Amino acid sequence: MASRSTASGPRSQQNFMSHRGYLYFKIAFALCLLAVIAYFASDPTPVANGGTVVGYALGTISLLIIVWLSFLGVRKRLMTSGKWSLRGWTSAHVYLGLSLIILATLHTGFQFGWNIHTLAYVLMMLVILSGAWGLYAYLSLPIKMAQNRDSMTEQEMLVELDALDKNLGKAALPLRKEWVDIVEMTIRQSKIGGSILSRFRRNPSSCGTAKGLAAFKRIQTNLSDKDVDLVADVVAILERKKAILYRIRSHIRYRALLEVWLSIHIPVTFALILALVAHVFSVFYYW
Amino acid sequence: MSAAAHAAALNMPHILLEKTDHLSDTIFKYQLGKHIMATPSQLVLRSDVGFDAGTRENTLEMWQSAVDTAGVNIRYNSEVTAITGAKGDFKLTLGDGTEILAENVIMAIGTQGNPNRMREPGGDLPFIQYQLDDPKAHFDKNIIVIGGGDAGIENALGLCADADQGNRVTLLQRAPDFPRAKDANVKALLSARDQGRMDVMTSTSTVKVEPGWITVSVNDGEERLRCDRIIARIGSAPPRRFVEGCGIEFSSPDREAFPVLSSQFEATTEGIYVIGALAGYPLIKHCMNQGYDVIEFINGNDELKPADEVLFVEKFKKLPNPNDVSGWLNTFRESISIFNPLSELQIREFMLDSDVKMFRPGQKIFERNDIGTSLFTISKGSVEVEVDPNDPSKTVRIEQGSIFGEIGLISGRRRGATIRAAESCILVEVPRSAARKLMSTVPAVKTEIDKIATERSLLQIFGSGLTPADVNDVLQTAEIMSLKSGDVLINEGETSRDIFIIRYGSMVVEKLIGGKPVFLNYLPAGSYVGEIALLDNGQRTATVKAAIKSEIIKLNGDLFEALLNRNERLKAKLEDKFRERRNLNAHIEAQKASFNSVVDLNSSVANFLVEQGLGEATDALLIDETMCVGCDNCERACADSHEGISRLDREAGVSFANIHVPTSCRHCEHPHCMSDCPPDAIRRAPHGEVYINDSCIGCGNCQRNCPYGVIQMEKVPPRKPNLLNWLLFGTGPGPGQPDAEWIKGKASSDKAAAPKKAVKCDMCMGIDGGPACVRACPTGAAVRVSPEQYLTAAKAKD
Ligand SMILES: Cc1cc2nc3c(=O)[nH]c(=O)nc-3n(C[C@H](O)[C@H](O)[C@H](O)COP(=O)(O)OP(=O)(O)OC[C@H]3O[C@@H](n4cnc5c(N)ncnc54)[C@H](O)[C@@H]3O)c2cc1C
Ligand code: HEM
Ligand code: SF4
Ligand code: SF4
Ligand code: SF4
C-alpha cells in the first residue's frame with residue numbers, strides 16, 4: 001500500500017519543558033556546574049563575596065540573565081515576524097531562571113545582611129519561587145481545566161446558567177409565595193466570580209442555589225399531593241443549576257490559579273529590577 | 001433593468017416585467033445597509049443606469065430614480081410563468097393570466113428561483129407565507145414555521161426573540177435532526193426550546209392545512225395544531241425548469257451548468273437572450289453591461305465590442321499585438337484541444353478568469369511539491385516533465401495543444417513533478433474554479449481531462465518507466481467511482497483483486513481486531529490500495545473506507561497483473577510496498593493483546609479527527625489540552641499580526657482524548673468556501689494557504705459554505721497605538737483583538753466606515769517565521785499539522 005504517512009505518533013508533541021530535546025536544561029545545568037566548579041576552585045581572600053573575580057563574573061551573568069528573563073513580558077506581547085517561538089523562550093526562561101538559584105547564591109558568597117544587596121537577593125528568590133509555583137500550575141492544571149470544561153466554552157456555560165434561571169422563574173410561577181421567595185433568592189444570590197478570594201471557591205457557603213436546594217429538599221419531606229410534582233420540577237432544575245455553577249466556578253478557579261502567581265511574579269520583577277539598579281549602583285559608588 | 005433603460009433611451013418599444021413589487025429582488029433582499037461592491041474595478045460600466053460601490057439603500061434608490069427618469073415601461077407584480085412562440089412572435093403568460101406579445105425576450109431572472117410551495121391540501125391558503133420580512137411585525141400569534149434549514153431556524157428564532165411580542169412559535173422539521181443547518185443555528189434553536197421560548201417538533205411532516213389549523217403526522221399518529229400563520233421555508237427551486245420550459249437548452253445536466261448562448265447572448269431559442277447571473281455572470285457590473293449590449297445587438301449593432309475588451313487588452317499586454325483580442329481568443333480556441341468545443345462567448349467568459357503566461361526555454365513553470373490547483377494548457381511550444389525527482393535529466397515531453405497540472409486540479413494535492421518549458425511557450429493558466437465551471441458546462445472537456453488525468457496518475461504513481469502504451473489496456477477498463485464519506489471501498493475478508501487509485505479525497509484503512517475496527521493507516525489522494533490481495537491470494541486483509549467524499553479510479557486486477565508480469569521493475573516495487581504493509585499487519589496481529597487499549601485510543605482519536613475534517617485538511621490547528629493554559633496568547637498573536645482580528649477561536653470547537661480542534665481554518669484540499677465566491681476572491685497560494693484577497697465583496701457565501709464555521713464577516717478595526725505606548729502609558733486596548741467598545745469609540749472618531757468583509761486564517765502567509773498562533777504559544781500546546789503527519793499507523797506508537 002502506498003502509505004505516504006510515516007512515523008511520529010499522535011501524541012509526540014513537545015512542550016516547553018522538552019523543547020528541542022531539553023536544550024536549555026542542558027545549558028542551564030552546564031552553567032551551574034561551571035559556576036560551582038569555579039566557586040570552589042578559586043581561593044577567595046579574605047572571604048567569598050561578590051567582589052572577587054568569580055563573584056563579578058557570576059554577578060554579571062546573573063544580571064544579564066535577569067534582564068533577559070524580564071524581556072519575556074515584552075516578547076509575549078510583541079508579535080513580530082521571525083523564527084522565534086515563545087515555547088523556546090519559556091523553556092529557556094524556566095531553566096535559566098532556576099539556574100539563578102545557584103548562580104546568584106554563589107555570587108553572594110553567602111554574605112547576607114540587612115542591606116540593599118540582600119533585598120535584591122530576596123526579591124529575586126521571591127520571583128523564582130512564584131515562578132516555580134507557576135511552573136507547577138502550568139504543568140498540572142491545563143488537563144484538569146480541560147476535563148472540567150468538557151468542550152464547553154465559558155460563554156456557553158453562562159448561557160446555560162441563564163437558561164436555567166429563566167426555567168426556574170417559570171417553574172416557580174404556580175408555587176406559594178414563600179417558596180417563590182426562595183427561588184428568587186437562588187436566582188439573586190448565586191454569584192459567580194467577583195472578588196479575588198471568591199474566584200477560588202468552588203462551593204461558596206453563601207451560594208443561594210445550594211441554600212435554596214437544601215431548603216426545597218426539606219420542604220419535599222412534607223408536601224401535599226398537589227405540590228409534589230411542582231416542587232420536584234424546581235428541585236430538578238436547581239440540581240442542574242448546582243452542577244453548572246460548580247463547573248463555572250471550577251473553571252474560574254483554574255483560570256485564577258493559572259494567573260494569580262503572575263501577580264506576584266511580575267510586580268516583584270519590577271521591584272527586583274529597581275533593587276538591582278540600586279545594588280549595582282551602590283557597589284560601584286562605594287567602592 | 002439596465003436593458004430596459006437602454007431600450008427606453010433608444011425609444012425602442014419595451015416592457016420590463018418584474019415578479020415582485022420592486023426592482024432587483026436579489027439586491028432588495030440583501031441585509032439592510034449592506035455595502036455593495038463594484039468589482040471588477042478595471043471594467044468600465046456601460047449602462048444608462050449608474051452603479052458604484054455604496055450601500056444597498058443608495059443603490060436601490062439611485063436605480064429607481066434612473067428608471068423613472070429614463071421612462072422605462074415597467075409592470076410590477078408580473079411573474080412570467082410561460083414563454084411560447086418564436087422570434088418575432090413570442091407570447092408571455094403572466095401569473096395572473098395576462099398575455100403579452102413580444103418580438104424578442106431578454107431573460108435576466110437571476111438564480112434565486114422560487115421558494116418551494118406546500119403541496120398538502122390547503123397549501124394555497126392565504127395565511128401561508130414563504131418569506132419573513134420583519135419578524136417584529138407579528139404579535140400574539142400561533143405561528144408555525146416549517147423547515148429546519150437555516151432560513152426556517154433563523155425565522156423562528158426571530159419571531160420568538162422578544163418575549164413581549166407574545167408569539168407562540170413552533171418549528172416543524174421532517175428529519176429527526178437538522179443536518180442542513182449551521183451548527184450555531186441548531187444550538188441556538190435547541191437552547192430556545194430548552195428555555196421554553198418555542199416548541200420544536202422533529203420527525204414531523206405536514207398532512208393538511210385548514211383555516212386556523214394545521215394537521216401534522218408524528219411518530220405515533222396525527223396531531224392537529226392551532227395556527228394563525230404558517231411560514232414555510234422548504235427550500236427553493238432553481239429557475240432552470242422554467243427556463244427549460246421556454247425551450248432553452250442548458251449545456252449539460254450538471255447542476256452547475258448554464259444555458260447555451262451565442263456570442264450575442266442569444267439562447268438556443270432564437271429571439272430569447274439570457275444575461276446576468278442566470279447566464280453565469282454573477283457580478284452586478286457584468287449584468288448591467290450585458291443588458292446594454294443585448295439591446296445594442298437587437299438594435300442591429302453587430303460591431304459593438306464587449307465592455308470587457310479592455311480587460312483582455314490588459315491580460316494580453318505581454319503578447320504581441322494585444323489589441324487583437326478576438327484574434328487571440330480564436331488562436332487559443334483552435335490551438336488548445338480542450339477548448340475546441342467552446343463557443344466564442346464561452347471562451348471569452350472563461351478566458352476572463354484565466355491568465356496568459358509566457359515562458360522562456362528552460363524556465364520553471366512549477367516545482368514538485370508546490371501546491372497548485374490550476375490547470376495549464378499549451379497554446380504554443382511544449383514543456384518537459386521531470387519524472388524522476390533524483391535525476392532531473394529524465395523528462396517526458398508534453399506537446400502543444402495538450403494540458404498539464406490536471407492532477408493538482410482534481411486531487412487538490414501538491415504537484416507531482418517539476419515542469420519546465422522546453423521551448424518558448426505561451427500557456428493559459430486556468431484557475432480551479434474556472435476549470436470546474438468549464439468541466440461542468442462542457443461535458444466533452446470533462447471527459448477529455450478525466451482521460452488524461454487517469455493515464456497520467458497511473459504513470460506517475462507506479463512510475464518504473466511505464467509508457468502510455470503499457471497501460472493502455474488497463475486504462476480502457478478503468479472506471480471512476482464516487483464515494484461518500486464513510487462508504488466502504490474494500491471489505492476485510494472479501495475476495496477481489498482490483499486495484500484502486502485515490503484521485504480525490506482520502507481513505508482510512510481499518511482492520512478488525514478482537515471484533516473492533518482498529519485504525520491502520522490514512523491514505524491521501526494520489527496513493528493506491530488493493531495490491532495486497534493481488535499479490536497474495538486475493539483475500540482482502542483490511543477494510544478501506546472513504547474519510548470524506550472521494551473519487552476512486554478502479555483498475556481491473558487481472559489486466560493489472562498482466563501488466564506486472566510484463567514489467568519486472570514495477571512488480572518488484574509493488575512487492576516492496578506489499579512486504580511493508582504485510583509487516584504492519586502482522587505486527588498488529590502479534591501485539592494485539594498487549595496494546596489493545598493504546599490502539600483503541602489511537603483508532604478513536606483518528607476517527608475523531610477525521611470527523612472534524614482533518615481528512616480533507618492540508619493543515620489544521622490542534623491544541624493539546626494537557627498543555628494549554630488558556631492564556632489566549634494564540635488569539636492575540638493572530639489578531640496582532642492580522643489587521644486586529646483573530647482568525648481563530650481557541651475555546652470553541654470540540655475535543656477528544658485531550659486533543660482540541662479549535663475553530664480555525666483547515667485549509668481543505670477542496671475548499672468548500674471557494675465554491676461560490678462571485679468575485680473569485682478565495683485563492684490558494686503556492687504553499688497551500690487558502691486565503692481571501694482584497695476583491696472580497698462581503699456577500700457571506702463562503703461563510704455559509706465552510707462546514708467548519710471558521711469564516712467571520714468583520715470590519716477591519718482601526719489601528720491601535722503601538723505596544724510601547726500601551727506598556728508605558730496604558731494608551732489603547734493592548735495586545736490582541738480590541739473589544740467592541742473601543743472599536744466603536746475609535747471608529748466614530750476616525751469616521752472609518754469600512755465595509756464588512758470575509759476574514760479567515762491565511763496560515764500567516766508572507767509572515768517570516770510562520771503561523772503566529774503557534775509561535776506565540778508559551779507552552780507548545782498549539783501546533784499546525786497536516787493529516788499525514790498526524791493520522792499515522794498504530795505502529796508508530798511503540
Ligand atoms: C448576499 C449577496 C451579496 C452580493 N454582493 C454583491 C456585491 O457586493 N457586488 C456584486 O457585484 N455582486 C454581488 N452579489 C451578486 C449579485 O447580487 C447578483 O449576482 C446579481 O444581482 C444578479 O443580477 P441579475 O440581474 O442576473 O438577477 P437578479 O438581481 O436576481 O434579478 C432578477 C429579477 O428578476 C425577477 N424575476 C425572477 N423570476 C421572474 C419571473 N419568472 N418573472 C418576472 N420576474 C422574475 C426577480 O424578482 C428579480 O427582481 C451578491 C449576491 C448575494 C446573494
Ligand atoms: C529572576 C528571575 C525571573 C524573572 C525576572 C522573571 C520574569 C518574568 C516575567 C517578566 C514574565 C512575563 C509575565 C507576563 O508578562 O505574562 C515571566 C513569566 C513566567 N515566568 Fe518568570 N521570571 C523569573 C524566574 C522564573 C522562574 C525561576 C520560573 C520557573 C521555575 C519562571 C516561570 C515563569 C513562567 C512559567 C512564566 C509564564 C510564561 C508565559 O505565560 O508566557 N520564572 N517571568
Ligand atoms: S474556510 Fe472552511 S472550507 Fe475553506 S479551507 Fe478553511 S476550513 Fe476549509
Ligand atoms: S496561522 Fe496565522 S492566520 Fe492562521 S490562525 Fe494562526 S495566527 Fe491566525
Ligand atoms: S497560546 Fe497556547 S497555552 Fe495559550 S491559550 Fe493558546 S494554545 Fe493555550
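Note that this is a predicted model, so its numbers are computed, not measured. So you know, we letter chains A, B, ... as the sequences are listed, proteins then strands, and number each from 1.
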**OP:** Tell me the residues of residues 263-278 of chain A whose non-hydrogen atoms fall below 4.5 Å from those of chain B, in number order.
**Re:** none
Out of curiosity, [X] [atom1] to [Y] [atom2], how far, rounded to the nearest 0.5 Å?
| X | Y | atom1 | atom2 | result |
| --- | --- | --- | --- | --- |
| B:Cys777 | A:Asn15 | SG | CG | 10.0 Å |
| B:Thr779 | A:Leu139 | OG1 | CG | 9.0 Å |
| B:Cys628 | A:Tyr138 | SG | OH | 10.0 Å |
| B:Asp624 | A:Ile143 | CG | CD1 | 8.0 Å |
| B:Asn633 | A:Leu86 | CG | CG | 6.0 Å |
| B:Met627 | A:Phe16 | CE | CZ | 9.5 Å |

Subject >> Partners passing salt bridge (Lys or Arg N to Asp or Glu O under 4.0 Å) against B:Asp640 (at least two apart in sequence or in another chain) >> reply: B:Lys720
Subject >> Set of side chain to side chain contact (heavy atoms under 4.5 Å, CB included) partners for A:Arg247, sequence neighbours left out >> reply: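 Side chain to side chain contact (heavy atoms under 4.5 Å, CB included) check on A:Arg247 returns A:Asn148, A:Asp150, A:Met152, A:Met157, A:Ile244.
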Looking at [X], I want to see if its [atom1] is surrounded by more than 12 non-hydrogen atoms of other residues, nucleotides or ligands under 6.0 Å.
| X | atom1 | result |
| --- | --- | --- |
| A:Phe29 | CZ | no |
| A:Ile196 | CD1 | no |
| B:Glu643 | CD | no |

Original post:
Among pairs that include at least one residue of residues 70-92 of chain A, which meet ring pair (Phe, Tyr, Trp, His ring centres under 6.0 Å), considering only residues two or more places apart or in two chains?
Top reply: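 As it turns out, the ring pair (Phe, Tyr, Trp, His ring centres under 6.0 Å) pairs with a partner in residues 70-92 of chain A, which skip direct neighbours, are A:Trp68-A:Trp89.
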Original post:
With only heavy atoms counted, which part of A:Glu154 is less than 4.5 Å from chain B, the side chain, the backbone, both or neither?
Top reply: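 When you check distances to chain B, atoms from both the backbone and side chain of A:Glu154 fall under 4.5 Å.
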Original post:
Going by heavy atoms in the side chains, are B:Val629 and A:Leu258 under 4.5 Å from each other?
Top reply: yes
**OP:** Name the option with the most non-hydrogen atom pairs under 4.5 Å to chain B; the candidates are A:Lys166, A:Arg75, A:Lys83, A:Lys76.
**Re:**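 That would be A:Lys76.
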Original post:
Any sub-3.5 Å donor-acceptor pair from A:Arg255's side-chain atoms to B:Gly630's backbone N or O?
Top reply: yes
Original post:
If only atom types and distance count, is the side chain of A:Arg149 paired as donor or acceptor with the main-chain N or O of B:Glu651 below 3.5 Å?
Top reply: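 Side chain of A:Arg149 to backbone of B:Glu651: a pair is present.
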**OP:** Grab the two heavy atoms, one from B:Gly780 and one from A:Arg87, that are nearest each other, plus how far apart they are.
**Re:** CA-CD, 3.3 Å
